[in-house]
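Data first, discussion second: the structure below is written as C-alpha cells.
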Amino acid sequence: MSLSTARSFLSEAGYGEQELDANSALMELDKGLRSGKLGEQCEAVVLFPKLFQKYPFPILINSAFLKLADIFRLGNNFLRLCVLKVTQQSEKHLEKILNVDEFVKRVFSVIHSNDPVARAITLRMLGSLATIIPERKNAHHSVHQSLDSHDNVEVEAAIFASAFSMWSMLSAQTLIPMLQHMHHNASLASSSRELLQQLVTSYPSTPMVIVTLHTFTQLAASSLIDIPKQLQLLLQYLKEDPRKAVKRLAIQDLKLLAKKAPHLWNRENTQTLCECALSSPYNSLKLGMLSVLSTLSGTIAIKQYFNPGTGGASAPPRLTDLVKLVQECCYHSNLAVAAHGVTVLANIAISCPEKDMMQLEQDTVMGLESLLVLCSQDDSPRAQATLKTALTSLVQLLKSRPHLSQSAVEFLLCQLHLARDPSRVLMCHALAAIATQLPVLGEGMLGDLVDLYRVASHSSTDKQQELLVSLATVVFVASQSSLSAEVKTVIKQQLENVANGWTVYCIARQASRMGCHEFSSELYQSLRTRVASEHFYFWLNSLKEFSQAEQCLNGLEDGDYSAAMTAIAEALRSYQKGIASLTAASTPLSPLSYQCDFVKLRIDTLQGLSQLICTCNSLKTSPPPAIATTIALTSGNELQRCGRIAMQMRVSMDEFRSLAARYADLYQSSFDADSATLRNVELQQQSCLLVSHVIEALILDPHSASFQDYGTLGSVQTESEYERRMMSVFNHVLEEVEGLSRKHPPVSYLHTGCLCDAVIALLKVPLSFQRYFFQKLQSTSIKLALSPSPRTPTEPIPVQNNQQLTLKVEGVVQHGSTPGLFRKIQSVCLNVSSTLQSKTGGPEYKIPLDSNTNEIEQRVEPHNDYFSTQFLLNFSILGSHMVNVEASVVDESGIEWKTGPKTTVSVKSLEDPYAQQLRHNQQQQQQAQQARPETAPAPQRSSVYARFQ
C-alpha cells in the first residue's frame, strides 16, 4: 500500500476493522518515514494528524510520536519543522503519550546541535510540549540559556518556549523574569511584551500576576518606549484589582518608573494616583502611593501636573486633588505618611507659580512646624527618620524661599532648648545648612547657640558627645571662620568638663574644615599627648603644624607685600614640619597618599605665590634698561620693553599651569572622595589657573587674553562658605584685571600691584581641609595578577621574537564597609605598554614601527568584583623589555579615575632557535668562503677566467 493509498485509507476506513486499519495505516506511514526521498518523508509526516484524528488510541499515538521523535532527531531542519507543526496541530493528543521520558529524550538531544536554527526548532518543540513536561529542569535550563543567545531566531524561539511558565510555578519564577533582558532591539522587546500581556491576561493568579507585572515593568524601564503604556497598566491594576499584594507590587513598580522616567508621567497618571490614595482605606497602601508622589514631586512631573501645557486652563494649586491629599496627610497619625505629605507639599510650594505661592507657603510651614514639634520629643528611630525628612524639606524650602528663613531659624533655636538630644543633633545639622546658604543669618543665631552650648552637656553619653560636635559645627559656620575669645572659652570649658578625646578631635576636625585654624591648632596641641600610638602622635602633630601654617596667613592686609612674604615664609616652615610628621604617621595599611599629595601641592603653591611677589618686586629693584625700547623695536618682541621681568613672569605662568595640572591629577586619583573634597581640589586648581591667566592678561599677552571663559563664575551655585568666598575672590580679581588691562599698557607698577593684590586676596581666604583629608567613608582598591608570571621577581619571562606573548590580566575589586557610597565602578580600564630596556646582539631586520612598541587599552566590566582579559604582545626586537600594566576605573557617569595600581613585569625576547641555527650556518659558510682564498690561492690565470664567469 502506497502513501496515496494510506491517505485514502485514512479518509474512508470502515467501522468493523478499526484496530487492524489503524495498524496498517501506521505501518504505511512508517514506510514513508523510512523512505530515502525527502518528499515522501514529509508527506508521511503531515499525514499523522489525520491518523490521530481517525484513531485516537493511546497505544497508536504513543508509537507514532516515538517514530516522529526519531525523525526529529535524525532528519534535517525541514523535517523537524514538519514534526513541530504536527505536534502543534495534535496538542489535544499529547497527554496520551505513554513513554514521555523516551519521547522527550529523543527530541531534547537536538538542543545540543551547533545549528542555531535546529536549536530554535527544538525550543519551539519544547514549548509545544509544555502541557506534558511542565517541571522538566533540563528543559527550563535550555530555555533560560537560549534567552542569552546572540542569534535572534533562537532568542525568539526561547521567548515562545517561555510558555513553560503557563504550566509550572517553578518555571514562572525563573523564566518569566528573564524576559526583562529582551530589550536589545525593538522586535524582541515587542514580542516579549506580547507574551507577557498574554500571560498576565490568561493566568490571573496572584503569584503569576506579580511576577509578570514586575517583569513587564523592568522590560519597559529598559526599552523606554513602552513606559507610558506600562504606567497605564500599573495604575489600572492599582485602581481595579482588589488584591493588596498586587496593589503593593504596582506601587513598587510605579516608584521605580518615577525614579527612572519622571518626565513621562502626564497629568492624568498623577491624578489617577492621587484619586487612588484619597480613596484607599489602608495606611500601608496610602504610604506607598505617597512615596511615589514624593519621588515625583521633586522632578518635572510636578510642573507638568500644574501646567499641563495643552488643553484647558489649569486649576489653582490649592483646589487640586494632589494638594488636598497632602494637606490631609501632613497631620496624619502615621509619622511616615505625614513625612511624605510635608515633603510633597514643600516641593509643590517650591514649584508652584508666584501668584499662588503665599497660601501654600503658610500651609507648608505650618505642617513642617507641627511635625517638627511632634518628632523632636520622641527618641524612637521612626520619629528620628521622620524628623530628618522634615528638616531636609525645610532646608530645601528655605533655599528657594529665603524670606522664610528668619522665622524658621527662630523656631529651630526655640525648639533646640526643648527637644531631646537625638533631635537636637539633627536640628543642628539643619541650622548649619541654613547658615551656609544664608551667611547673613549666622551672626543672629550665634548668641543663642553659645548660650545653649554652656548648658548643652551634663553627661558623657554618646548622644551628648555628638551634640557637642554638632553645636560646635553650627557655631563655626555662624562665626564664618572668625571665633571670638568668648566663644573659644565656652567651647573649651565644655570640652574640659565632659568631652572625651574623640569628641575633641571631631570638633578640631570641624574647625579645620570651617577655616578656624587658630582654634583647631590649640585642640590638636592638647590631643597630641593623649594617644597611645606614635603614628597617631605624628598625625596630630602634622595637623597642628598645618593649622599653624594657615593661621600665619590669616592676618594679611591688602597692599602690605613685605608682610605677605614674611607670612608665607612662616607658613612654609610650619608646612615643612607638618609634612615630615605626616610622612612619619603613614603606615603600609594607611599610606596617607592623598594627604601627602595635597599638602605638597599646597607647599608648592605657596612657594609659587611667594616667587610671584618677588618677581613683581623686581620691577622696582631691577627696572628695564634705558635701551629696552630700542631692543624691543629691533627684535620685534614687545616684551623686551619690560626687561628681565617678562622672562620671570613666563616662568611663573608655566609653574602655575603645572600646578593646575597636578591638582587635576590629584582629582582624578581621588575616586573615593566625597563631592565637597573634590570641589575643594577643583577650587585649588582654578586658583592656579586664575593666577596664570592674570599673568598672561596683564603682562605677557594682554591683547589676545580673553575673559569670556570666566564670565559665568558669579552664577555658580555655591555649597559651602569656603567656596562662596573663593568664587567672590575670583570674580573680584577678574574684574580688576579686566579693567586695568584696558586702560594701561604693560608693564607698570599698577600691573604688578594688581598681581600682588590678587595673591593676597587668595591667601586671605582660610584654607578648608575637607572630610577626605581626615576620613575615608568609601574605600575601593584593585588587585591585579598577571600570568605568565616569573618564578622570581627579578627573573624575566622568556619569549621568542617570532611569537606573541599572551598576557592574561586578572583582577579583583576590593571594597570597604560602604561600597558605592559616592560613586560605583562601571568598568575597569586596563592599559598595557612595553618599553625596550636593553638590546641584545642579533640580526638587524627592518621591522615596522608598529611592531616595535605595544600600547593596548581594554575596558572590562567586573562581575561579582572579578574581571579578566588577555593581551597579545609583540616583542620582535631582541632584548629586555619592561611591560607596564596600569588599571583605572570608569564610574557610572563615564568619568575615568586614575586609581591604579600599576604593575610591571620583565620580558626577554629571544631569537627563534631555527632562525638562529640558519644564521649560524650562513655565518659558517661565509667564513669558509672568506678563508678559502687565503689557504689555497688560485693560479694567476683564474683572474682572467673570472671576467667571463
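None of the values given here were measured: they were computed from a predicted structure.
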| query | Is the Lys NZ or Arg CZ of Arg267 less than 6.0 Å from the centre of Tyr305's six-membered ring, within 45° of the axis? | reply | yes

Counting only heavy atoms from other residues, nucleotides and ligands, does the tally under 6.0 Å from [atom1] of [X] exceed 12?
X: Arg420; atom1: CZ; answer: no
X: Lys260; atom1: NZ; answer: no
X: His417; atom1: NE2; answer: yes
X: Leu777; atom1: CG; answer: yes
X: Arg243; atom1: CZ; answer: yes

| task | Check step by step if side chain to side chain contact (heavy atoms under 4.5 Å, CB included) holds for His429 and Ser470. | result | CA-CA 7 Å; His429 294 168; Ser470 301; 3.5 Å; yes

So, for [X] and [Y], which heavy atoms are closest and what is the spacing to 0.1 Å?
X: Cys330; Y: Leu345; result: SG-CD2, 3.8 Å
X: Val292; Y: Ala258; result: CG1-CB, 4.2 Å
X: Leu416; Y: Arg424; result: O-NE, 2.8 Å
X: Leu322; Y: Ile302; result: CD2-CD1, 3.4 Å
X: Leu273; Y: Trp265; result: CD2-CZ3, 4.2 Å
X: Phe774; Y: Ser512; result: CZ-CB, 3.8 Å

| request: Apply salt bridge (Lys or Arg N to Asp or Glu O under 4.0 Å) to Arg823 and Glu892, showing your working. | output: CA-CA 7 Å; Arg823 55 197 63 87; Glu892 294 177 321; over 6 Å; no

List the residues meeting salt bridge (charged side-chain N to carboxylate O under 4.0 Å, His left out) with [X], not counting sequence neighbours, and say none if there are none.
X: Lys388; result: none
X: Asp891; result: none
X: Glu369; result: none
X: Lys463; result: Glu466

Show me the donor-acceptor pairs, under 3.5 Å and distance only, between side chains in residues 433-448 and residues at least two apart or in other chains.
| from | atom 1 | to | atom 2 | distance (Å) |
| --- | --- | --- | --- | --- |
| Thr436 | OG1 | Ala432 | O | 2.8 |

May I ask you to check whether [X] and [Y] show a side-chain donor-acceptor distance below 3.5 Å?
X: Glu735; Y: Asn731; answer: no
X: Thr677; Y: Asn680; answer: no
X: Asp421; Y: Gln464; answer: yes
X: Gln770; Y: Ser768; answer: yes
X: Asn266; Y: Gln304; answer: no

Separation between [atom1] of [X] and [atom2] of [Y], rounded to the nearest 0.5 Å:
X: Leu371; Y: Thr389; atom1: CG; atom2: OG1; answer: 9.0 Å
X: Lys488; Y: Cys516; atom1: NZ; atom2: SG; answer: 8.5 Å
X: Leu452; Y: Leu471; atom1: CG; atom2: CG; answer: 5.0 Å
X: Thr386; Y: Asp378; atom1: OG1; atom2: CG; answer: 9.0 Å
X: Asp363; Y: Leu368; atom1: CG; atom2: CG; answer: 11.0 Å
X: Gln230; Y: Leu219; atom1: CD; atom2: CG; answer: 8.5 Å

| note | Hits for side chain to side chain donor-acceptor pair (under 3.5 Å) against His403, two or more places apart or cross-chain, chain-then-number order -> Glu361

| query | Who are the side chain to side chain donor-acceptor pair (under 3.5 Å) partners of Asp226, not counting sequence neighbours? | reply | none

| field | Step-by-step side chain to side chain contact (heavy atoms under 4.5 Å, CB included) determination, Val450 to Arg454 | value | CA-CA 6 Å; Val450 173; Arg454 287 192 176 97; 3.9 Å; yes

Can you name the residues that form a ring-ring contact (aromatic ring centres under 6.0 Å, His included) with [X], not counting sequence neighbours?
X: Tyr237; result: none
X: Phe216; result: none
X: Phe822; result: none

| request: Kindly assign one of parallel, tilted or perpendicular to the pair Phe773 and Tyr594, based on the angle between their ring planes and the thresholds 30° and 60°. | output: perpendicular

| task | For the pair Tyr505 and Trp502, name the ring-plane relationship: parallel under 30°, tilted 30 to 60°, perpendicular over 60°. | result | tilted

| Working for side chain to side chain donor-acceptor pair (under 3.5 Å), residues Gln384 and Asp379 | CA-CA 7 Å; Gln384 293 302 301; Asp379 289 346; 4.7 Å; no

| message | Before you tell me yes or no, could you show the steps for Glu275 and Gln271 under side chain to side chain donor-acceptor pair (under 3.5 Å), namely the whole-Å CA-CA distance, both residues' side-chain angles and the distance that decides it to 0.1 Å? | response | CA-CA 6 Å; Glu275 292 172 357; Gln271 179 65 23; 3.3 Å; yes

| request: Give the intermediate values and the outcome of side chain to side chain contact (heavy atoms under 4.5 Å, CB included) for residues His815 and Ser779. | output: CA-CA 6 Å; His815 302 284; Ser779 177; over 6 Å; no

| Mind checking what makes side chain to side chain contact (heavy atoms under 4.5 Å, CB included) contact with Pro262, not counting sequence neighbours? | Leu296, Thr299

| task | I would like to know whether Glu721 and Arg513 meet salt bridge (Lys or Arg N to Asp or Glu O under 4.0 Å); could you show each step before the answer? | result | CA-CA 10 Å; Glu721 175 65 15; Arg513 185 179 177 185; over 6 Å; no

| side chain to side chain contact (heavy atoms under 4.5 Å, CB included) between Gln494 and Val498: does it pass, once the steps are laid out? | CA-CA 6 Å; Gln494 280 291 336; Val498 293; 3.9 Å; yes

Which pairs of donor and acceptor atoms, one on a side chain in residues 246-257, lie under 3.5 Å apart (sequence neighbours left out)?
| from | atom 1 | to | atom 2 | distance (Å) |
| --- | --- | --- | --- | --- |
| Lys247 | NZ | Leu238 | O | 2.5 |
| Lys247 | NZ | Asp241 | O | 3.1 |
| Asp253 | OD1 | His214 | ND1 | 2.9 |
| Asp253 | OD2 | Thr217 | OG1 | 2.9 |
| Lys255 | NZ | Ser291 | OG | 2.5 |

| request: Please test Thr473 against Gln510 for side chain to side chain donor-acceptor pair (under 3.5 Å), starting from the C-alpha separation and ending with a verdict. | output: CA-CA 6 Å; Thr473 303; Gln510 290 294 84; 3.0 Å; yes

